[in-house]
Engineer: 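Have a look at this one before I ask anything.
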Amino acid sequence: MSAPLLEVKSIRKTYPGVIALSDVTFDLKAGEVHAVVGENGAGKSTLLSVMNGLVAPDSGEIRIDGQPVVLNDPTVALANRLALVHQELVLCPNLSVAENIFLGREPAGRLGKTRAMLNRMAKDLLDQIHVNLDPSRAVGELSLNEQQIVEICRALACRPRVLVFDEPTASLNDDQVVHLLAVIRKLKANGLGIVYVSHRLSEVMQISDRVTVLRDGSVVATRDMAGLNEAALVALMVGREHKPGQSAYKERRCGDVALETKAIGKAGVFDDISLQVRTGEIVGIAGLLGCQREAVVRAIFGDQSIDRGEIRVQGRKVQLRSPRDAIAFGIGFMPADRKREGLILPMSVGDNIAMTILRRLGRLGFMKRRQRNATANSLVRTLAIKTNGLSQLASQLSGGNQQKIVIGKWIARGGDIVIAEDPTRGVDVGAKFEIWRTIQDLAEQGKAILLLTTELQEMMDACDRILVMSRGRVTGHFHRKDFSAEAIAHCFVA
Amino acid sequence: MTEKVGEHVMTMSTLETQVASQARPPDAWRHLSVSETSRVAVLIALLIAGQAITPSFLSLANIHVILLAVAAIGIMAYGMTLVVITGEIDLSIAGIAILSCIAGGLMIPTGSAALVIGTTLLTGLAIGLINGILVAALGIPSLITTLGMLGISRALANIFSGGQALYPEPIAAYLWLGRGDLVGIPLPVVLLVVLGAAAIALTKYSIFGRALYATGGNVKAAALSGINVVGVRAVVFAISGACAALAGMLESARLSYINPAGFEGMELSVLAVTVLGGASLSGGSGSITGTVVAALIIGIVNNLLNQLGVSIYLQQVVTAAVILAVVMPGMWQRGIAK
Ligand SMILES: Nc1ncnc2c1ncn2[C@@H]1O[C@H](COP(=O)(O)OP(=O)(O)OP(=O)(O)O)[C@@H](O)[C@H]1O
Ligand SMILES: [Mg+2]
């Protein structure tokens, strides 16, 4: 029997105050999908980074085809045809989609010709995963979802033998997930080895042959996927019996209209969007890539301008020239893109949570430390954020824990209207349930909530009403009793 | 010019993203900064070496000499540090210093100390605020704005003064600023210490300080959190302008001579101190304490070289070498230099 494609032996990696990986052993055969699952902060991304040479382990060994290798640099990993799709997107905003995909591997040739060729090659790749995206667009202007697709194409473009995915579907829509999984199956049939990390367990169950469960930096189990059900998997992850979270949804009484838009529009982006969210109500906006729902919520938050229509808050017509205006009217916005929009990565956990309530924490301009720490600590506790302390830098937290801070800072603010964009992006099963419950609680406290998610099922679980958008217009409107995935999906393309 | 700068920015960011695409922690390059430990270590080494070379090195008199020599540069560096923390740069400080001093100097015939000093400081504040508005509200890159402002204010200083130096002799209070003392401590040193303490309080303990680092760390996320990022940047430029005017005034008072061609190249020395102090030019990091230590390092090195009678040119070489010696360990530690 030939040696496994990739072997990782007794890897140990510590950060000051945390053992991110302790004695982790893992192997990957050709033609298999090997999933790695675990709670937020379990060490998944660290393990993947070690495999890819981004992070040097304290001790341990990596073998490729049975040969020990020293991956002290991602270029070495690439030379061994090992590619990683990052959890945190690392793209060049000023370059085009095609240039990003082939960065560092540009075919030689005359400039103009090369560009056309790059675009064509990128188009082929995008077609493979059934995505309609213009390869000449600058990455800086893409949505999170589109960037994720570019990131995936970039890994595919280097014709790897080992492909490592760190939460590739965290910001993909349901239909895109289906396409990606199909591509992965095809790659697997071609004999690639694939490492797959995701918090969407149903996906993991569908696609993987084996699964390794990490908990607090150690391997709890490596099992064949066949014969394992979701409950058993979750039990391994959290280390105790996990009661299947029944839907957090609670019947609520809704009050007056808190937020209303009347036929708002922005030339070339969206038009004629009218919606109402009442106090205590959770309203979702569903839609596919390019439906512009992200732009609509940003307009409501004052981050983008509108040229038509009006926005009313608590019945009053308002002019929102900046997010500051919107915040003054009691609107909060939890963006999905934690790295670009949600967090100040070089600042501490405590500072990030305090960011929305600086005014309140000031006395004569000085920070009331004790009050800040009390507020931040209580949120760290409620949201179960895994951190060394309030002074740990946000950049050092795992992805899911960063996401929780984005939620936390707006809970700290406590405005009457909350816009939540993918609040559970990259969050583990247990915490996901907690966040959904928190959002239900907010509604119960009388807040009006506008919700965007990539998973339709999550939205149907949480919302009282759902609006559907397609190409910048509202194409459907459903009350909870009429929710049906087919009916809603039908409006996606209307 | 504009194109050249654009090109430069372009290559900087491609470099940045190339590093990022090899994806070391993508922030490694952005947070290229001088490590605290190596800076303090160098300072201590210099103190020990200084005492070994000249026995009078740590005498009160010599300490005053050292501090007096760095007072102006240090005060300017406080303002520069705030600007750099927000991710901007202020190259106009030497111009602001000279134009403010000339503007104040034109008030000398009135005989009013308040008018002379007030005009000087307000001019600095006002030019700084104009910088801030151009950068923050109109979105003109600070490199270009302040480079332009440097040229304009130098030219205006020459026009207003007719190219002639002004003499603040008649204004006793003015001279006192540069030459007087408070309980035996030279006044510029008192100001250096007091303003340093104020700047530390501002950056470390105030809510403005949090907004400052947030604006530099991630301006988009800061704005989405409700931080007034335009206001923050406008304010730091105004502070930098006022610091420049004050520093210029201290120097002019010390020399009792307002020179319309003075402070040549001062912005680069101040920038060197700021970077040596640990502020990263891409924003979000840096501290006043670091800047203070850096100013002391530069002051001590120059003082020692003076005492050893080293030529001014060799002094510049040594100063540059010291800066490298402090910067390199931090870079190795971050695995940037290979
Ligand atoms: N640069 C760092 N400095 C300090 N601690 C770190 C650093 N990077 C990661 N950690 C810590 O290592 C642990 C593992 O993090 P890792 O990112 O591997 O988690 P993960 O399993 O990928 O979680 P998630 O599902 O949230 O993405 C976490 O506790 C995290 O705080
Ligand atoms: Mg992770």
Side-chain angles (χ1 to χ4, degrees), chain A residues 49 52-56 73-75 78 84 86 88 90-95 100 103-104 154 298 301 303 322-324 326-328 332-333 335 337-347 351-352 354-369 372 395 406 409-410 413, chain B residues 6 9-31 33 85 87 137 198 201-232 235 280 282-286 335 338:
Chain A
S49 301
N52 200 47
L54 292 173
V55 166
D73 197 299
T75 49
L78 216 53
L84 171 66
H86 297 270
E88 301 302 337
V90 275
L91 299 168
C92 311
N94 51 340
L95 299 183
N100 264 288
L103 189 69
R154 185 159 89 173
R298 277 168 177 73
F301 193 57
D303 188 39
S322 72
R324 275 160 54 76
I327 293 167
F333 175 49
D337 194 343
R338 52 190 173 239
K339 202 170 129 190
R340 278 204 312 197
E341 302 185 325
L343 295 175
I344 321 255
L345 288 177
M347 291 181 84
D351 281 340
N352 269 288
M355 204 50 72
T356 54
I357 48 169
L358 281 183
R359 272 272 163 76
R360 248 179 262 165
L361 291 176
R363 183 191 291 134
L364 299 174
F366 284 93
M367 172 82 89
K368 291 187 268 185
R369 283 243 154 217
R372 186 204 80 155
S395 59
V406 180
K409 66 190 240 191
W410 286 106
R413 173 82 198 184
Chain B
V9 170
M10 177 73 186
T11 46
M12 285 273 285
S13 62
T14 10
L15 184 64
E16 178 177 340
T17 39
Q18 265 164 19
V19 175
S21 68
Q22 292 164 19
R24 290 192 184 108
D27 310 288
W29 154 269
R30 301 210 318 125
H31 297 289
S33 65
I85 289 173
L202 186 71
T203 49
K204 281 186 95 151
Y205 303 109
S206 78
I207 53 173
F208 178 82
R210 298 302 89 198
L212 179 73
Y213 283 95
T215 304
N218 183 346
V219 67
K220 178 85 193 168
L224 287 177
S225 305
I227 304 284
N228 183 354
V229 293
V230 173
V232 166
V235 166
S280 139
S282 54
S285 69
K338 279 221 164 160

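In what follows, chains carry the letters A, B, and so on, assigned in the order in which the sequence lines appear, proteins first and then strands, with residues in each chain numbered from 1.
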Engineer: Provide the closest heavy-atom pair for A/D351 versus B/R210 in the form atom of the first, atom of the second, distance.
Structural biologist: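 Distance-wise, the nearest heavy atoms are OD2-NH1, 2.6 Å.
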Engineer: With distance as the sole test, does B/N218 use its side chain to make a donor-acceptor pair with the main-chain N or O of A/G342 at under 3.5 Å?
Structural biologist: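 No; judged by distance alone, with no hydrogens or angles, the pair does not exist.
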Engineer: Would you mind checking which part of A/K409 comes under 4.5 Å of any heavy atom in chain B, side chain (CB onward), backbone (N, CA, C, O), both or neither?
Structural biologist: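 It is the side chain, since no backbone atom gets that close.
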Engineer: Quick check for you: to the nearest 0.5 Å, what is the distance between B/N228 atom CG and A/R324 atom CZ?
Structural biologist: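 So the gap between those two atoms works out to 4.0 Å.
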Engineer: Given that the side chain runs from C-beta out, which part of B/A222 has a heavy atom under 4.5 Å from chain A: side chain, backbone, both or neither?
Structural biologist: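 It is both, since atoms from each part get that close.
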Engineer: Using non-hydrogen atoms only, which part of A/I327 is less than 4.5 Å away from chain B: side chain, backbone, both, or neither?
Structural biologist: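 A/I327 touches chain B through side-chain heavy atoms alone.
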Engineer: Going by the side chain to side chain donor-acceptor pair (under 3.5 Å) test, which pairs reach into residues 354-363 of chain A, not counting sequence neighbours?
Structural biologist: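 Qualifying pairs: none.
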Engineer: Rounded to the nearest 0.5 Å, how far does OG of B/S225 lie from CG of A/L343?
Structural biologist: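 Rounded to the nearest 0.5 Å, the CG-OG separation comes to 8.5 Å.
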Engineer: How close do A/L358 and B/I207 get, counting heavy atoms only, and between which atoms?
Structural biologist: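 Looking at all heavy atoms of both residues, the closest pair is O-CG2, 3.5 Å.
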Engineer: Where is the tightest heavy-atom contact between B/A201 and A/F366, given as atom of each residue plus distance?
Structural biologist: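 Closest heavy-atom pair between B/A201 and A/F366: CB-CE2, 4.0 Å.
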Engineer: Taking the side chain as every heavy atom from C-beta outward, state whether B/L224 and A/D303 have any pair of such atoms under 4.5 Å apart.
Structural biologist: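 The answer is yes; the side chains approach within 4.5 Å.
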Engineer: Looking at every non-hydrogen atom in both residues, tell me the closest pair between A/P346 and B/G217 and how far apart they are.
Structural biologist: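 Closest heavy-atom pair between A/P346 and B/G217: CG-CA, 4.0 Å.
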Engineer: Nearest heavy-atom pair of B/K204 and A/R369: which atoms, and what distance?
Structural biologist: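 Residues B/K204 and A/R369, closest heavy atoms: O-NH2, 3.6 Å.
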Engineer: Go through the atoms of A/M347 and report whether side chain, backbone, both or neither lie under 4.5 Å from a heavy atom of chain B.
Structural biologist: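 For A/M347, the contact with chain B is made by the side chain alone.
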Engineer: With sequence neighbours excluded, tell me which residues meet side chain to side chain donor-acceptor pair (under 3.5 Å) with A/R338.
Structural biologist: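 Partners of A/R338 by the side chain to side chain donor-acceptor pair (under 3.5 Å) criterion, ordered by chain and then number, come out as A/E88, A/Q403.
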